[in-house]
A.B. asks: 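One structure follows; several queries about it will come next.
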Amino acid sequence: GGIITQTPKFLIGQEGQKLTLKCQQNFNHDTMYWYRQDSGKGLRLIYYSITENDLQKGDLSEGYDASREKKSSFSLTVTSAQKNEMAVFLCASSNRAETLYFGSGTRLTVL
Amino acid sequence: QQKVQQSPESLSVPEGGMASFNCTSSDRNFQYFWWYRQHSGEGPKALMSIFSDGDKKEGRFTAHLNKASLHVSLHIRDSQPSDSALYFCAASLTGNTRKLIFGLGTTLQVQP
């Protein structure tokens, strides 16, 4: 079995601040994803990457950047945090058409 | 409009009872479905996938897909308190999970 590790678990930032979330997986999966989960809005895809150095935009990519420098890691940057923003950011990985495996999330609060 | 719609929003069943969840796609191009479950404080975990019409059974869990009506359901028999969680339906255009679209989820509470 494998595991997805997201850091930090909790992230508190200031309005306008650039914030970076990190994700590591040891499944040796090709594809990695970042989803945002807001209360009452399900999960929305921000970015995904099908291989090292590849980036594909999801439905919610505006205001975010991503980076996949290694097969095992995928980071997400909030380019300018919005005041009162509160969400859970979930990282996942998969191989091709198989099931997604999720991390436990990073909870973001912007003051 | 939400492309993957789930009902009900929440559900309460007694321990040992049957829990049933519904999911409908508004886009006929979505043909492949998954069910995920998320316990509080954790990430979602896949329960099962269903790609063909009919029933698929895995232990206490049974999924049913009707592609003509774009409807998929999940049934949990002999529900346990540990089944209390948020259940998501997810759909994709092909079997490729790279564009997986999630519904808003159904919250299940199993009463001991």
Side-chain angles (χ1 to χ4, degrees), chain A residues 1-7 9-10 21 23-25 27 29-51 54-61 66 68 74 76 87-107, chain B residues 1-10 21-27 29-52 56 58 61 63 72 74 85-107:
Chain A
I3 191 167
I4 297 206
T5 303
Q6 291 188 239
T7 55
K9 286 191 182 304
F10 300 93
L21 292 69
C23 177
Q24 295 267 347
Q25 56 101 355
F27 288 99
H29 285 162
D30 294 317
T31 308
M32 296 186 73
Y33 311 77
W34 277 106
Y35 280 89
R36 175 178 166 135
Q37 184 174 22
D38 295 88
S39 178
K41 291 190 178 178
L43 279 68
R44 291 180 288 174
L45 183 63
I46 305 172
Y47 268 99
Y48 66 98
S49 166
I50 61 175
T51 189
D54 173 75
L55 289 176
Q56 306 287 336
K57 291 184 178 181
D59 298 325
L60 202 65
S61 61
R68 181 101 181 266
F74 195 28
L76 180 73
V88 175
F89 292 84
L90 292 162
C91 176
S93 71
S94 74
N95 263 344
R96 300 175 73 177
E98 294 175 6
T99 299
L100 267 64
Y101 291 85
F102 284 87
S104 57
T106 292
R107 282 158 175 75
Chain B
Q1 182 192 6
Q2 191 73 18
K3 288 193 172 183
V4 175
Q5 296 161 322
Q6 291 187 242
S7 65
E9 282 189 22
S10 63
F21 309 86
N22 296 298
C23 175
T24 303
S25 170
S26 61
D27 187 334
N29 293 314
F30 286 120
Q31 292 277 306
Y32 300 85
F33 295 88
W34 282 261
W35 285 100
Y36 283 79
R37 175 167 81 177
Q38 184 179 28
H39 286 104
S40 181
E42 299 179 7
K45 287 186 174 66
L47 287 173
M48 58 198 304
S49 61
I50 184 164
F51 299 164
S52 303
K56 182 177 181 180
E58 292 185 1
F61 300 87
V72 61
L74 176 71
L86 182 58
Y87 288 76
F88 289 108
C89 172
S92 72
L93 292 171
T94 66
N96 182 342
T97 57
R98 292 164 189 174
K99 281 287 193 179
L100 202 59
I101 306 298
F102 284 79
L104 298 183
T106 296
T107 301

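Below, read A as the first sequence line, B as the second, and so on, with proteins coming before strands; counting in each chain starts at 1. Computed over heavy atoms, backbone and side chain alike; hydrogens, waters and symmetry mates excluded.
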A.B. asks: Do A:Tyr35 and B:Leu100 come close enough that some side-chain heavy atom pair is under 4.5 Å?
C.D. replies: yes
A.B. asks: Tell me, do B:Trp34 and A:Leu100 make a side-chain contact under 4.5 Å, heavy atoms counted?
C.D. replies: no
A.B. asks: Is there a side-chain contact between B:Gln38 and A:Leu90 (heavy atoms, below 4.5 Å)?
C.D. replies: yes
A.B. asks: Go through B:Ser49, B:Ala90, B:Gly105, B:Pro44 and name the one with the most non-hydrogen pairs under 4.5 angstrom from chain A.
C.D. replies: B:Pro44
A.B. asks: Considering non-hydrogen atoms only, spot the tightest contact between A:Thr99 and B:Ala46 and give its length.
C.D. replies: CG2-CB, 3.0 Å
A.B. asks: May I ask you to name which of A:Leu45, A:Ile50, A:Asp59 has the most heavy-atom pairs under 4.5 Å with chain B?
C.D. replies: A:Ile50
A.B. asks: Please classify the contact of A:Tyr101 with chain B as side chain, backbone, both or neither, using a heavy-atom distance under 4.5 Å.
C.D. replies: neither
A.B. asks: Sort B:Glu9 into side chain, backbone, both or neither according to what part of it lies under 4.5 angstrom from a heavy atom of chain A.
C.D. replies: neither
A.B. asks: Starting at CG of A:Leu43, measure out to CD1 of B:Ile101 and round the result to the nearest 0.5 Å.
C.D. replies: 10.5 Å
A.B. asks: Please flag which part of A:Arg44 lies under 4.5 Å from any non-hydrogen atom of chain B: side chain, backbone, both or neither.
C.D. replies: neither
A.B. asks: Answer whether the closest heavy-atom distance between the side chains of B:Leu86 and A:Gln37 falls below 4.5 Å.
C.D. replies: yes
